[in-house]
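All ligand and atom numbering here is 1-based and tracks the order in the structure. This structure is a prediction, so every number in the text was calculated from the model and none was measured. The figures that follow rest on heavy atoms only: side chains count, while hydrogens, waters and symmetry mates do not. Nothing fancy with the numbering, it's 1 onward along the sequence.
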Amino acid sequence: VTPAASLSPEPSPIEVRHALGSYPVYVEPGVLGRFPELVARHVPGRRLALLTDTNVRPLPTRWGVPLPAVEAELAIPAGEASKTRERWSELSDALLARRLGRDTALVLLGGGVVGDLGGFVAATYLRGIPYVQVPTTLLAMLDASVGGKTAVDTPHGKNLIGAFHPPAAVIVDPRVLATLPEREFRSGLAEAVKHGLIADRAYFDWIVASAAAIGARDPDTLAQLVRRSVEIKAAVVSEDERETGRRAILNAGHTIAHALEQASGYALAHGEAVAIGLVTECRLAESLGLAEPGIAAAVAGLLERLGLPTALPGFSPDRLLEAMAADKKNRGARIRFALPVSIGAMAPGEGWTVAVLEPAIEDILHP
Ligand SMILES: NC(=O)c1ccc[n+]([C@@H]2O[C@H](COP(=O)([O-])OP(=O)(O)OC[C@H]3O[C@@H](n4cnc5c(N)ncnc54)[C@H](O)[C@@H]3O)[C@@H](O)[C@H]2O)c1
Ligand SMILES: [Zn+2]
């Protein structure tokens with residue numbers, strides 16, 4: 001007789017607390033074997049509409065994952081270009097045409113694009129219906145699945161129209177990462193390194209020690225990675241709801257990353273830009289005497305082991321500064337950064353950001 005404990009155990013989810021309602025994040029290799037059951041548990045009795053993208057739609061068969069029974073199946077063209085108000089409008093109309101009412105829930109299976117766009121459809125459809133999120137990229141698992149942000153892009157910038165609408169539940173099965181293209185996979189790792197840098201030195205050291213297993217996409221190691229990153233982001237976001245402004249530390253590396261993405265015409269992947277941004281902002285923190293010496297080298301060493309770029313490409317400092325000054329987070333002539341003091345600790349600054357004068361920034365932007 002097999003003891004009950006060795007039968008497929010009940011996965012214990014991480015509870016993410018959010019002002020608009022808390023929700024469980026299941027993170028277990030193989031958890032999608034229970035996809036239909038978990039959806040039925042978290043949006044009970046609801047009619048379902050599945051949203052994926054054209055790349056992800058055929059993958060459940062390859063993963064050996066059962067899909068819940070749904071009344072509508074919608075697939076958007078894969079890629080950031082789909083995160084528009086036009087797609088939002090088409091998807092909403094498709095649900096209306098099928099006469100799906102307020103007893104409907106969405107199931108979002110895909111990366112951050114499906115999550116952000118589908119989440120915004122759910123936030124607005126009949127003034128808001130619930131959704132279950134099943135992130136299938138590393139970035140969507142450890143970053144986009146926490147915080148309840150949904151959005152579409154506009155010609156004026158990314159993510160400018162959206163809503164806070166947290167999911168009913170998030171289901172993460174690291175086994176689905178087996179099919180993710182290498183560049184997408186590595187890109188997501190930059191955010192995990194960021195989480196270690198901003199909040200948890202032990203996690204940073206664990207990533208260093210686990211770099212080979214992570215690169216080999218060992219599902220148990222990736223489950224540990226996603227769990228810790230989700231816990232860190234959830235803790236930072238929920239602290240922020242008490243108005244501490246601490247959420248700003250999640251922007252570590254991103255002030256320079258956004259400038260690099262823009263200057264490269266988005267040829268750099270987001271995670272690649274974040275990797276270079278983290279190292280460059282650590283150098284800035286060192287040069288200002290804020291951070292312990294050697295922090296930039298330690299962060300660069302880890303990112304390089306994970307296959308990410310760390311050296312500034314040959315853009316002129318002027319061009320990067322111009323892109324940063326246009327960043328909406330900045331006030332006045334200085335540019336604000338979320339800067340580390342050591343691995344695992346950020347500078348409190350004013351509202352967890354530090355205002356830096358342009359000449360000091362320019363000094364470290366020379367490739
Ligand atoms: N809401 C948030 O808090 C938040 C946080 C971070 C990023 N985002 C958003 O996330 C988006 C980027 O997300 P992304 O990087 O997941 O991009 P994405 O959704 O475009 O996915 C990247 C590519 O991988 C493919 N794919 C997805 N899962 C796959 C799998 N398991 N196997 C093979 N291919 C797979 C997709 O079809 C796509 O081509 C951006 O729009 C960004 O603004 C949102
Ligand atoms: Zn990011």
Do you know how many protein N, O or S atoms are within a distance smaller than 2.8 Å of the Zn ion (ligand 2)?
3
Check whether the side chains of Tyr26 and Ser12 place a donor and an acceptor atom closer than 3.5 Å, and report yes or no.
no
Classify the ring geometry between His254 and His258 as parallel (under 30°), tilted (30 to 60°) or perpendicular (over 60°).
perpendicular
Which ligand 1 atoms, with their elements, are less than 4.0 angstrom from a heavy-atom of Leu180?
24 (O), 26 (N), 28 (N), 29 (C), 30 (C), 32 (N), 33 (C), 34 (N), 35 (C)
Could you establish whether Leu177 and ligand 1 come within less than 4.0 Å of each other, counting only heavy atoms on the residue side?
no
Any chance the side chains of His270 and Glu191 put a donor and an acceptor closer than 3.5 Å?
yes
May I ask you to identify the nearest protein heavy atom to atom 10 (O) of ligand 1, giving residue, atom name and distance to one decimal place in Å?
Gly112 CA, 3.3 Å
If you have a sec, work out which protein heavy atom is nearest atom 20 (O) of ligand 1 and how many Å separate them, to one decimal?
Val113 CG2, 3.4 Å
Do Gly110 and ligand 1 have an N or O pair less than 3.5 Å apart?
no
What part of Pro181 sits under 4.0 Å from ligand 1 if we count only heavy atoms: the side chain, the backbone, both or neither?
side chain
With distance as the sole test, does Arg319 use its side chain to make a donor-acceptor pair with the main-chain N or O of Ala263 at under 3.5 Å?
yes
So which of Val132, Leu51, Thr52 actually passes side-chain contact (heavy atoms from CB on, under 4.5 Å) with Leu109?
Thr52
Measure Lys158 to ligand 1 on non-hydrogen atoms and call it side chain, backbone, both or neither using the 4.0 Å cut-off.
side chain
Should Asp103 and Arg46 be marked as a salt bridge (charged side-chain N to carboxylate O under 4.0 Å, His left out) after you check the CA-CA gap, both sets of side-chain angles, and the distance that decides it?
CA-CA 5 Å; Asp103 59 344; Arg46 285 182 181 262; over 6 Å; no
Arg47 side-chain N/O to Ala105 backbone N/O, donor-acceptor pair under 3.5 Å
no
What atoms of ligand 1 come within less than 4.0 Å of a heavy atom belonging to Ala78?
37 (O), 39 (O)
Would the distance check show the side chain of Glu281 and the main-chain N or O of Leu278 forming a donor-acceptor pair, the cut-off being under 3.5 Å?
no
Using modelled atom types and a 3.5 Å cut-off, is there a donor and acceptor pairing between side-chain atoms of Ser145 and backbone atoms of Leu142?
no
Which residue holds the protein heavy atom closest to atom 8 (N) of ligand 1, what is that atom called, and what is the gap in Å?
Asp116 OD2, 3.8 Å
What protein heavy atom is closest to atom 33 (C) of ligand 1, reported as residue, atom name and distance in Å?
Thr179 O, 3.1 Å
Can you name the nearest heavy-atom pair linking Gln133 to Pro167, along with the distance?
OE1-CG, 4.0 Å
Note: Leu139, heavy atoms under 4.0 Å from ligand 1, region reported as side chain
For Glu184, the ligand 1 atoms with a heavy-atom partner under 4.0 Å come out as 22 (C), 23 (C)
Taking atom 2 (C) of ligand 1 as the reference point, the nearest protein heavy atom with its distance:
Ala144 CA, 3.6 Å
Distance from atom 40 (C) of ligand 1 to nearest protein heavy atom, with residue and atom
Glu80 OE1, 3.2 Å
With a 3.5 Å distance limit and no angle check, can you tell me whether Arg217 reaches the backbone of Leu177 through a side-chain donor-acceptor pair?
yes
Give yes if a backbone or side-chain nitrogen or oxygen of Leu59 is under 3.5 Å from a nitrogen or oxygen of ligand 1, and no if not.
no
Whether Ser145 lies under 4.0 Å from ligand 1, heavy atom
no
Without swapping roles, check the side chain of Ser22 against the backbone of His18 for a donor-acceptor pair under 3.5 Å.
no
Nearest neighbour in protein (non-hydrogen) for atom 42 (C) of ligand 1
Lys83 NZ, 3.9 Å
Taking the side chain from Ser187 and the backbone from Glu184, do they hold a donor-acceptor pair closer than 3.5 Å?
no
So for Trp63 against ligand 1, with non-hydrogen atoms under 4.0 Å, the contacting part is side chain
Is there a side chain to side chain contact (heavy atoms under 4.5 Å, CB included) between Asp153 and Thr84 once you walk through the steps?
CA-CA 5 Å; Asp153 300 334; Thr84 61; 5.7 Å; no
Arg57 side chain to Ala75 backbone, donor-acceptor under 3.5 Å
no
Could you check if a side-chain atom of Leu321 sits within less than 4.5 angstrom of a side-chain atom of Leu365, using non-hydrogen atoms only?
yes
Atom 39 (O) of ligand 1: of Thr136, Asn55, Thr54, the nearest heavy atom sits on Asn55
If I apply the N/O under 3.5 Å rule, does Asp53 come out as touching ligand 1?
yes
For a salt bridge (charged side-chain N to carboxylate O under 4.0 Å, His left out) check, start with the C-alpha distance between Asp143 and Lys233, then their side-chain angles and the critical distance, and finish with the verdict.
CA-CA 7 Å; Asp143 190 352; Lys233 184 171 179 192; 2.8 Å; yes
Can you report which non-hydrogen protein atom sits closest to atom 21 (O) of ligand 1, along with the distance?
Thr137 CG2, 3.5 Å
Is it true that Lys233 lies under 4.0 Å from ligand 1, counting heavy atoms only?
yes
